[in-house]
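The block underneath contains the structure these notes are about, expressed in structure tokens.
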Amino acid sequence: MNDLAALNPMQREAVLQTEGPVLVLAGAGSGKTRALTHRIAFLVEEKGVKPWNILAITFTNKAAGEMRERVDGLVEHGADSVWVSTFHSLCVRILRRFIENIGYESGFSIYDTDDQKSLMKQIFKSTDTNSKYIKERGVLGVISSAKNELVTPEEFLLNARATGDFRQQKIAELYVEYQKQLKKNNALDFDDLLVKTVELFEAKKEILDYYQERFRYIMVDEYQDTNTVQFKLVSLLAEKYKNICVVGDDDQSIYSFRGANIRNILNFEHVFPGAKVIRLEQNYRSTKTILDAANDVIRNNTERKEKRLWTENETGGPVRLKIFDTAYDEAEGIVKDIVECGGSWRDYAVLYRTNAQSRLLEERCIAHNVPYRLVGGVNFYQRKEIKDILAYLKTIANGRDDLAVQRIINVPKRGIGAATVTKLTVFASVNGMSFYDVLLRIGGVAGIGRASAKIDAFTDEIGRFKRLLREETPIADLIREIVDSTGYKEELLEEGEIEANARLENIDELINKAAAYWEDADEPTLDGFLEEVALVADIDAMDDSEERVVLMTLHSAKGLEFPNVYVSGLEEGLFPSSMALSEDENAIEEERRLCYVGITRAKKRLMLTAARQRMVRGETRFSRTSRFMDEISEELLSREQQKDSVFARAKKPGGISFDESGLPWGRPEGMSVFGSKPSSYDMAKKPVKSQAGAAKPAFGKSFTVQKADSLDYGEGDKVLHSRFGEGIVKKIADGGKDYEVTVEFERVGVRKMFASFANLKKV
């Protein structure tokens with residue numbers, strides 16, 4: 001039942017504005033999914049639009065599942081004909097049907113990040129590329145960025161040659177070879193799923209026209225996270241009827257490192273002239289205090305569309321701000337606070353900027369017997385035994401997938417060694433054959449010897465599995481047959497009972513997944529099963545009902561909500577990150593958006609925490625508390641200080657002077673205050689143990705700051721530092737107690753420091 005009376009006025013406007021381009025600016029917790037699903041129901045039940053003419057796109061399977069469930073509850077007839085899909089799932093469905101038009105077979109494999117790394121390692125080896133100078137992961141990152149911007153290997157190579165940059169030319173050559181090998185293996189990586197769909201639409205106008213007619217009404221959720229290729233895909237689909245409704249929040253655009261382009265949402269009205277803009281600003285999630293804190297932070301950004309969240313919820317308690325001495329103390333304090341507050345474990349989430357911060361939190365959870373779930377650990381489908389079984393299934397489905405075949409040819413051990421595999425790989429390359437085709441014709445390959453019979457046995461086994469598949473054997477039974485008949489289970493048991501049981505339990509879980517897929521899918525196929533497991537994300541597998549505290553990065557937390565939230569590590573150099581501090585203001589603005597996302601995850605209680613000192617790469621770093629804390633109005637905060645801290649003791653006569661945020665002003669020359677690598681110095685070389693066992697610096701001599709009336713250098717001047725050498729002054733800010741000077745040094749890159757200690761000399 002589509003009851004519009006249940007919507008607020010702005011949500012109703014978003015539902016009723018069905019024709020033409022529409023931009024819905026949906027603040028955090030503003031009920032955007034409710035508005036989207038009611039819009040779909042309104043189109044079907046009130047406007048008479050056929051359900052199959054509606055496409056709703058979102059970013060995660062979890063979000064798509066939630067939307068599908070709500071649509072089914074609102075639309076009485078034909079709800080299952082509405083396409084509710086992620087970008088990647090949409091593209092897979094299109095490509096399975098039409099990819100043969102651009103030279104691939106419909107049974108293509110989908111390569112995950114591990115597969116990509118394996119393929120790139122092979123390419124490095126075959127091209128004699130030195131991984132000491134160019135890293136596989138770095139090359140794959142550049143290739144991904146190029147694909148996101150729809151730059152082909154050939155275009156990338158031409159551009160690289162034009163610049164004369166040897167490194168770029170080498171990466172371009174690797175890009176060309178990487179794409180060539182993917183094609184040979186009849187495989188696509190995740191970026192290709194979108195790129196090849198755009199390529200298909202541009203090459204075959206009749207196919208594009210078919211989908212434009214099919215999808216006359218298009219809705220895109222989380223539009224602020226779209227990249228160039230996703231923007232192009234949506235634009236192509238919508239260019240005929242222009243009935244496109246995008247929903248998003250520029251204040252939550254936090255994925256530029258994945259290629260997301262905030263300009264897509266900021267420039268929507270320019271790209272789609274006459275677009276209607278609707279703002280959803282009423283928040284249903286958080287208390288007034290939490291929302292006011294979020295608004296205080298985000299209003300400091302300049303690249304945004306004006307909006308201010310408000311709520312009819314209770315005012316709630318103040319935002320707690322607690323500064324700890326060390327990262328150890330911070331983790332201990334957070335976990336103890338969770339224990340003391342009580343209630344259901346699943347009502348708590350601890351968010352952090354980097355994965356490395358989880359270690360101390362995990363240790364303290366274990367120490368206090370607090371059950372936790374770490375989001376962002378090893379994905380289920382990345383575990384060795386699961387990858388092995390999936391490689392068997394990929395070989396059965398797509399014999400051209402060389403990576404899959406090479407992974408299992410000697411798993412379990414069959415006496416087919418690496419030297420034999422290398423010979424076969426070379427033979428396949430020279431003769432333009434797939435690796436599996438060479439195995440089928442092993443008699444024609446010289447120098448294989450006794451391994452030939454073992455290879456025949458392997459291909460006979462794969463042939464038998466293929467026959468079972470043709471006989472419509474359920475995938476769960478096929479997996480059981482693979483595990484039992486190949487000797488895989490016996491080999492696992494030889495590793496030891498505990499290890500084997502854990503791995504076999506994982507395989508049993510894969511069998512459960514296969515059985516559920518076989519039962520739920522309308523037309524279950526092995527290709528369909530493989531694409532479903534390939535497209536699953538770690539966050540999709542998160543069980544909301546699991547009675548555990550959630551530990552996760554801020555990036556992983558977007559779209560989620562919890563009654564009690566802790567945002568940890570709010571220190572300059574960590575959050576905002578040192579990389580953002582060394583870049584332009586756009587990078588700082590994205591970090592601020594990330595902080596806004598963290599704050600708006602909280603429903604009832606929010607604690608912000610920081611540590612004055614933190615061990616990074618084996619060295620102790622001192623940091624100011626994050627600028628984002630300073631942006632929150634004092635009346636919203638309850639400031640708490642760690643009692644009997646080493647920093648409080650240091651303020652006694654003979655100790656180091658600290659400012660109100662805990663920054664040690666008595667820092668030796670050249671020691672960065674923003675998380676850059678500090679210089680070691682005699683008085684703090686020897687740590688002493690506190691009663692808690694954490695290392696505490698032994699402070700001695702007292703320093704004070706003498707702020708100069710003015711500086712004899714300015715922005716743009718070349719200066720000399722006694723340790724870092726020559727550099728250019730990029731920025732000078734009056735920090736109150738001293739000038740904060742940003743310098744880009746030739747040898748060590750960007751550093752931020754206080755003028756009194758830097759002692760810079762104009763050159």
Side-chain angles (χ1 to χ4, degrees), residues 6-11 25-35 249-252 254 279-301 304 306-323 333-352 544 549-552 554 556-570 575 592-610 625-626 628-640:
L7 305 178
N8 68 41
M10 300 311 292
Q11 289 173 332
L25 292 170
S30 61
K32 64 183 176 67
T33 305
R34 181 194 298 177
D249 183 4
D250 50 303
D251 288 336
Q252 296 187 72
I254 59 173
R279 286 172 167 79
L280 304 185
E281 297 171 297
Q282 182 176 358
N283 177 282
Y284 293 92
R285 175 187 300 158
S286 307
T287 65
K288 288 184 174 72
T289 301
I290 290 170
L291 288 187
D292 287 344
N295 286 325
D296 279 356
V297 171
I298 201 62
R299 66 186 173 88
N300 289 277
N301 273 5
R304 64 185 295 259
E306 186 56 41
K307 70 186 82 68
R308 185 174 180 86
L309 295 181
W310 61 277
T311 185
E312 294 178 348
N313 293 344
E314 63 183 352
T315 301
V319 173
R320 298 168 66 195
L321 169 57
K322 189 159 186 177
I323 315 298
I334 288 171
V335 175
K336 284 181 71 174
D337 194 77
I338 292 172
V339 172
E340 290 168 4
C341 289
S344 177
W345 296 122
R346 68 173 179 267
D347 287 345
Y348 292 88
V350 186
L351 313 180
Y352 37 81
D544 296 336
V549 172
V550 176
L551 309 180
M552 66 197 317
L554 286 143
S556 297
K558 194 164 80 66
L560 303 178
E561 59 182 42
F562 304 89
N564 309 288
V565 170
Y566 300 79
V567 181
S568 63
L570 276 153
F575 191 23
R592 187 175 283 111
R593 292 193 291 269
L594 188 58
C595 183
Y596 174 82
V597 165
I599 291 171
T600 54
R601 299 312 93 196
K603 297 168 72 174
K604 299 291 186 183
R605 293 174 62 254
L606 172 66
M607 180 189 276
L608 308 175
T609 68
T625 54
S626 171
F628 304 143
M629 291 191 182
D630 297 332
E631 293 169 354
I632 300 174
S633 302
E634 281 298 320
E635 60 267 21
L636 302 175
L637 294 175
S638 169
R639 288 183 178 268
E640 303 173 30

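This structure is a prediction, so every number in the text was calculated from the model and none was measured.
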Within the distance-only criterion (no hydrogens, no angle test), does the side chain of [X] pair as donor or acceptor with the backbone N or O of [Y] below 3.5 angstrom?
X: N283; Y: T311; answer: no
X: K288; Y: N313; answer: yes
X: R285; Y: T600; answer: yes
X: S633; Y: L636; answer: no
X: N301; Y: I298; answer: no

ask   = If you look only at pairs with a residue in residues 311-320, which of them pass as a salt bridge (charged side-chain N to carboxylate O under 4.0 Å, His left out), with sequence neighbours excluded?
value = E314-K604, R320-D337, R320-E640
How many angstroms lie between [atom1] in [X] and [atom2] in [Y], if you round to the nearest 0.5 Å?
X: D296; Y: D630; atom1: CG; atom2: CG; value: 12.0 Å
X: L608; Y: S638; atom1: CG; atom2: OG; value: 11.0 Å
X: I632; Y: N295; atom1: CD1; atom2: CG; value: 11.0 Å
X: R308; Y: R299; atom1: CZ; atom2: CZ; value: 7.0 Å

Between [X] and [Y], is any pair of side-chain heavy atoms under 4.5 Å apart?
X: I290; Y: I599; answer: yes
X: L309; Y: Y596; answer: yes
X: F575; Y: V567; answer: yes
X: N300; Y: F628; answer: no
X: R605; Y: Y566; answer: yes
X: T315; Y: T289; answer: yes

By side-chain contact (heavy atoms from CB on, under 4.5 Å) - contacts of [X] (at least two apart):
X: D347; result: S344, P563, N564
X: S30; result: A26, L280
X: E281; result: R279, K307, W310
X: N8; result: M10, Q11, Q282, Y284

Can you name the closest pair of heavy atoms from [X] and [Y] and give their distance?
X: M629; Y: L637; answer: O-CD1, 4.2 Å
X: A28; Y: R601; answer: CB-NH2, 3.8 Å
X: S568; Y: T609; answer: CA-OG1, 3.1 Å
X: L560; Y: S556; answer: CD1-O, 4.0 Å

Criterion salt bridge (Lys or Arg N to Asp or Glu O under 4.0 Å) against R304, the qualifying member of D249, D250, D251 = D251
key: side-chain hydrogen bond (donor to acceptor under 3.5 Å, both in side chains) partners for E634, two or more places apart   = R639
